[in-house]
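One structure below.
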2 protein chains.
Amino acid sequence: MDKQKLENARGWIQSELKDCIDFWLKNGMDLVNGGVYTCLDRKGEIYSTDKSVWMQGRCGWIFAYLCHVYGTREEWLRASKSCLDFMEAHCINRAAGNRMYFTVTAEGAPLRQRRYCFSEAFYAMANAEYYGVTGEREHLERARRAYDLYWDLNHGMPDPTGLGPKTEPATRTGRAFGIPMIYLNVTAVMQRVDPENAALYAERAAACVDEIFRYHVHPELKCVLENVAVDGTARLYYTEGRTVNPGHDIEGVWFLLEYARRTGNAELVARAEEIFRWAITAGWDKEYGGLLYFVDALGKPPEAYEHDMKLWWPHDEILISSLMLYRDTGKEEYLDWFYTTLDYCKAHFADREYGEWYGYLRRDGLPTEPSTKGSTFKGPFHLPRMLIMTDVMAGELLSK
Amino acid sequence: MDKQKLENARGWIQSELKDCIDFWLKNGMDLVNGGVYTCLDRKGEIYSTDKSVWMQGRCGWIFAYLCHVYGTREEWLRASKSCLDFMEAHCINRAAGNRMYFTVTAEGAPLRQRRYCFSEAFYAMANAEYYGVTGEREHLERARRAYDLYWDLNHGMPDPTGLGPKTEPATRTGRAFGIPMIYLNVTAVMQRVDPENAALYAERAAACVDEIFRYHVHPELKCVLENVAVDGTARLYYTEGRTVNPGHDIEGVWFLLEYARRTGNAELVARAEEIFRWAITAGWDKEYGGLLYFVDALGKPPEAYEHDMKLWWPHDEILISSLMLYRDTGKEEYLDWFYTTLDYCKAHFADREYGEWYGYLRRDGLPTEPSTKGSTFKGPFHLPRMLIMTDVMAGELLSK
């Protein structure tokens, strides 16, 4: 390992982290209504005042996580609390069993309720992390309730919103990879801050890992399928059944590696390596560089016509997973992927002039115009999480 | 007008039409279950067997329309009838007031019911056109019923599916441009084949034109807004409220021109010209050519991150509207737009090797890879409609 090279990379990462955090604190926080605006353009100007509930939770989490990793700072804790309070006041559909909305207005009036319960997942993560930093018990209770609600909704509980499944269940049912995969990540936070419930979290995490491998990992196709039959059968006759999201798979890799480390499961590391290799082989664009957003398990046209665009977050996930794989296996190929991806991100995603990263690049690596730094789906989450985690891991590797 | 140039263009158009029709008859028609598959790759291979209900209606319409324009051919009539029969047998949600599904399986089992009622619009068009060609009265009755259902659903009738609005109505309601605009087009077909109900169609068409100008056309912003408040107020603080879809506007232009011609309303031609100019000015890509998919009324980042891609159908709509504007006003600028767009389409969308047009290009004009000739949203509709209509209009202009 070239220590100087890693030190240089770490220096760049630390400087990007500072810019990123400054960008959101300065431009995103809503000092009037609380919470965060995430639809920010290249310069940080708000281009939509509608608020994403996912992003309230993710932003609430990231600022508490910064405190967890680097020590509490008042402005971070205040930003986190602002998102938590905004969610508590405005983002919970109290008439529908505390299901959470998907979007609300600037002031918090409900705009959209979706059937999926990822808002609840990020709310749980945020409250748990905030409890971990402050010890304020009410936040742990909130996290536990939402954590259970997510589990129950995905294990047979009737949805109190009454929205029903998107696809007619008499014709087609199935499983989505995102459900156990995101829950595994939320569980990791719960485990860290709530040792009282260690047994429950261990059981749920094991169930998630089991679901991922039992149903979604398909070695015969060398991929992870986003959507499968309830029994895990691949359904290759329609596009959704062949959808591969390489960035999603690579994100899952480090969730699995963390689980393997916690449980001392060395065999699982090898299985995570395999997922990484499949995804990076299928998804890395040999012509232009960068990771394709979607690929098809059989090489046919993916459903989403923007499938060959380059989104920021899959690249953040490559950086985390490749460095963690290097840390945990010592294999140079992963360090190579880390640097290759870092170079791509420096050249294409980073914006030296205004800070933060472009969210959306065309296949050729140029940003869509007018470009964006945030959206309903992009806020202070994947990028700062990657910068924090790779800073910490680089530190571990350098101090060896 | 350079007659030779237009004759050459017409020759190319006629040859593309033949290739396009052959492509769908050969690759799309489902001889086992009836109806049409539209998820076809570059070579015409089916990559998903799920069937789009929009496409059953649109395909049923186009093959009847071919008979209307060029005289009945058995294989066209059979293709149209196959889609009509498939819809009748499988695509109507009888338990929900004859609302129609959005997608069904190859065999016709229901997959997805959406709140929007465009399936019903295309079903009405298809049945009406088929009645116009065959005189089979049952098809007229079906068309009339669906035509009324669409109107009622958009004018206060409770939706029998119970799906409810996507956005919480206590917070935000509104109007979508597509609703009067598509209905104006369906009405034009009904008027042509069903003179018994002429008064009703005249009244409904007038109401659509009124809604379009009263609510969606915003001269102060030099654009047509896709989404406005119920009273037409522009809402510029969130992205959806600023969405401009230049291809949609340009499609609307020729619906308005047809209406102006039917009603002898010369003043309306000038207003349609204005819409065309706004849309082509805002949407034509000065750097790479082609029409951008979405633009923002204030030049901010559009909601859909694929906004700068080039889709086939807006280009078809430019070709129809520009040639119709030239025919109806004699202004050379429209003929210039016709040729400029035709050149772009020849260079980027057309596929000399396998026929039909690529559906989706990156901003730089190269097809997404693997490329597609069809999808849930692309079938035998916009392209053959354009080829038929420009063939006919070029014929009119050449015979002057």
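Quick caveat: nothing in here was measured; it's all calculated off a predicted structure. Convention: sequence-line order gives letters A, B, ...; per-chain numbering from 1. Both backbone and side-chain heavy atoms feed into the values below; hydrogens, waters and symmetry mates do not.
Stacking of B/Lys373 on the aromatic ring of B/Tyr354 is not recorded, the 6.0 Å distance cut-off and the 45° axial limit not both being met. For the pair A/Lys378 and A/Trp312, the cation sits on the ring face: its NZ or CZ lies under 6.0 Å from the ring centre, inside 45° of the axis.
Between A/Phe118 and A/Tyr116, the two ring planes are parallel [angle under 30°; tilted spans 30° to 60°].
A pairwise comparison of heavy atoms in A/Glu317 and A/Gly247 identifies CB-O, 4.0 Å as the closest pair. Of all heavy-atom pairs spanning A/Leu361 and A/Met309, the tightest one is O-CB, 3.4 Å. The shortest heavy-atom contact between B/Thr233 and B/His218 is C-CE1, 4.4 Å. B/Val53 and B/Thr103 get closest at one heavy-atom pair: CG2-N, 4.0 Å.
Proximity to chain A among residues 163-178 of chain B is limited to B/Lys166, B/Thr167, B/Glu168, B/Thr171, B/Arg172, judged by heavy-atom separations below 4.5 angstrom. At a heavy-atom separation below 4.5 angstrom, chain A is approached by B/Tyr288 within residues 280-292 of chain B.
Residue contact with chain A, scored on non-hydrogen atoms closer than 4.5 Å, is absent for B/Arg114. With a 4.5 angstrom heavy-atom cutoff, B/Tyr37 does not touch chain A via any of its atoms. For B/Thr105, the part lying under 4.5 angstrom from a heavy atom of chain A is the side chain only. Proximity to chain A (any heavy atom under 4.5 Å) is restricted, for B/Glu303, to the side chain, taken from C-beta onward. Heavy atoms of B/Arg362 lying under 4.5 Å from chain A belong exclusively to its side chain.
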Side chain to side chain contact (heavy atoms under 4.5 Å, CB included) between B/Val36 and B/Asp30: does it pass, once the steps are laid out? CA-CA 5 Å; B/Val36 65; B/Asp30 180 349; over 6 Å; no
The test is side chain to side chain contact (heavy atoms under 4.5 Å, CB included); show your working for B/Tyr47 and A/Thr239 and say whether it passes. CA-CA 7 Å; B/Tyr47 65 84; A/Thr239 44; 3.4 Å; yes
Are A/Arg42 and A/Asp351 close enough, and set up right, to give a salt bridge (charged side-chain N to carboxylate O under 4.0 Å, His left out), and what steps lead you there? CA-CA 9 Å; A/Arg42 185 185 173 197; A/Asp351 177 9; 2.9 Å; yes
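At distances below 3.5 Å, not a single donor-acceptor pair connects side-chain atoms of A/Lys310 with backbone N or O atoms of A/His315. Put simply, the side chain of A/Asn227 never gets that close to the backbone of A/Gly241: no donor and acceptor are under 3.5 Å apart. Side-chain atoms of B/Arg99 never come within 3.5 Å of backbone atoms of B/Gln113 as a donor-acceptor pair (strictly under, hydrogens ignored). Under a 3.5 Å cut-off, the side chain of B/Lys51 and the backbone N or O of B/Val104 do not form any donor-acceptor pair.
In this structure, a donor-acceptor pair under 3.5 Å is present between the side chains of A/Trp24 and A/Glu356.
Of the listed residues B/Pro110, B/Ala109, B/Cys39, the one with more heavy-atom pairs under 4.5 angstrom with chain A than any other is B/Pro110. Between chain B and the residues A/Arg242, A/Arg112, A/Glu240, A/Glu369, the most heavy-atom pairs under 4.5 angstrom are made by A/Arg112. Considering only heavy-atom pairs separated by less than 4.5 Å from chain B, the leading option among A/Phe377, A/Tyr305, A/Tyr360, A/Tyr237 is A/Tyr305. Per-residue counts of heavy-atom pairs under 4.5 Å with chain B were compared for A/Glu306, A/Glu45, A/Lys300; the largest is that of A/Glu306. Taking B/Tyr293, B/Tyr101, B/Phe102 one by one and counting their heavy-atom pairs under 4.5 Å with chain A, the maximum is reached by B/Tyr293. Put simply, of B/Asp364, B/Asp308, B/Leu298, B/Leu311, the one with the most heavy-atom pairs under 4.5 Å next to chain A is B/Asp308. Most heavy-atom pairs under 4.5 Å with chain B, from the set A/Pro301, A/Ser48, A/Ser371: that is A/Pro301.
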